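Everything quoted here is computed from the prediction, not taken from an experiment.
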Amino acid sequence: MGVIVMIEPQAEHTPDVEGKSWVVGGLRAVHAARAADDVAGDPADTTLCGLATAGMEKHSYHPSGPGASWYPPNLTPWECKACSRALHES
């Protein structure tokens with residue numbers, strides 16, 4: 001299963017994924033989403049933990065290979081544990 005990494009910003013914060021401004025105080029959590037069925041490269045409507053992906057930003061990270069983390073390792077403190085559990089259970 002392909003995973004799309006989604007960034008959940010803090011309330012009232014507009015993330016700038018390319019500039020990484022969310023890392024400095026605007027990041028609430030890093031979530032995993034399945035790919036949408038109808039548009040390649042777009043996330044499904046909800047994350048694996050059930051949150052709406054609308055209002056989140058897609059991250060460009062892709063795992064480097066089997067066994068690699070589904071999210072960027074530098075964002076470990078913000079990992080959504082529920083998304084990780086759902087990913088490993090599927």
Side-chain angles (χ1 to χ4, degrees):
M1 167 186 70
V3 172
I4 296 176
V5 177
M6 301 299 295
I7 302 298
E8 178 186 4
Q10 291 286 354
E12 305 301 319
H13 182 81
T14 303
D16 173 12
V17 175
E18 295 308 314
K20 308 292 188 257
S21 67
W22 41 263
V23 174
V24 184
L27 174 61
R28 176 173 285 168
V30 179
H31 296 279
R34 297 182 192 278
D37 292 330
D38 55 346
V39 181
D42 279 359
D45 292 337
T46 59
T47 63
L48 295 181
C49 68
L51 295 177
T53 56
M56 292 187 189
E57 292 290 324
K58 181 178 158 183
H59 194 286
S60 61
Y61 175 81
H62 296 285
S64 58
S69 173
W70 64 264
Y71 57 90
N74 65 316
L75 300 182
T76 297
W78 296 280
E79 169 199 7
C80 173
K81 302 294 186 190
C83 282
S84 287
R85 279 192 301 277
L87 183 62
H88 294 295
E89 291 171 359
S90 60

Mind jotting down which residue pairs meet the side-chain hydrogen bond (donor to acceptor under 3.5 Å, both in side chains) criterion with at least one end in residues 35-51? Sequence neighbours excluded, please. none
As a quick check of understanding, evaluate side-chain contact (heavy atoms from CB on, under 4.5 Å) for Leu51 and His31, giving each step before the final call. CA-CA 9 Å; Leu51 295 177; His31 296 279; 3.4 Å; yes
Applying side chain to side chain donor-acceptor pair (under 3.5 Å), can you list everything that pairs with Glu79, at least two apart in sequence or on another chain? Tyr71, Lys81, Ser84
Pair listing, salt bridge (charged side-chain N to carboxylate O under 4.0 Å, His left out) test, anchored in residues 2-11, at least two apart: Glu8-Arg28
Could you work out, with side-chain contact (heavy atoms from CB on, under 4.5 Å) as the rule, every residue matching Ala32, not counting sequence neighbours? Val3, Leu48, Trp70, Cys83
Spatial distance of atom CD (Glu57) from atom CE (Met6) [nearest 0.5 Å]: 7.5 Å
Any non-hydrogen side-chain atom of Tyr61 less than 4.5 Å from a side-chain atom of Pro73? yes
Can you measure from OG (Ser60) to CD1 (Ile7) and round to the nearest 0.5 angstrom? 9.5 Å
Nearest non-hydrogen partners of Ile4 and Ala35, listed with the distance: CD1-CA, 3.8 Å
Pairwise salt bridge (charged side-chain N to carboxylate O under 4.0 Å, His left out) hits with a residue in residues 62-74, at least two apart: none
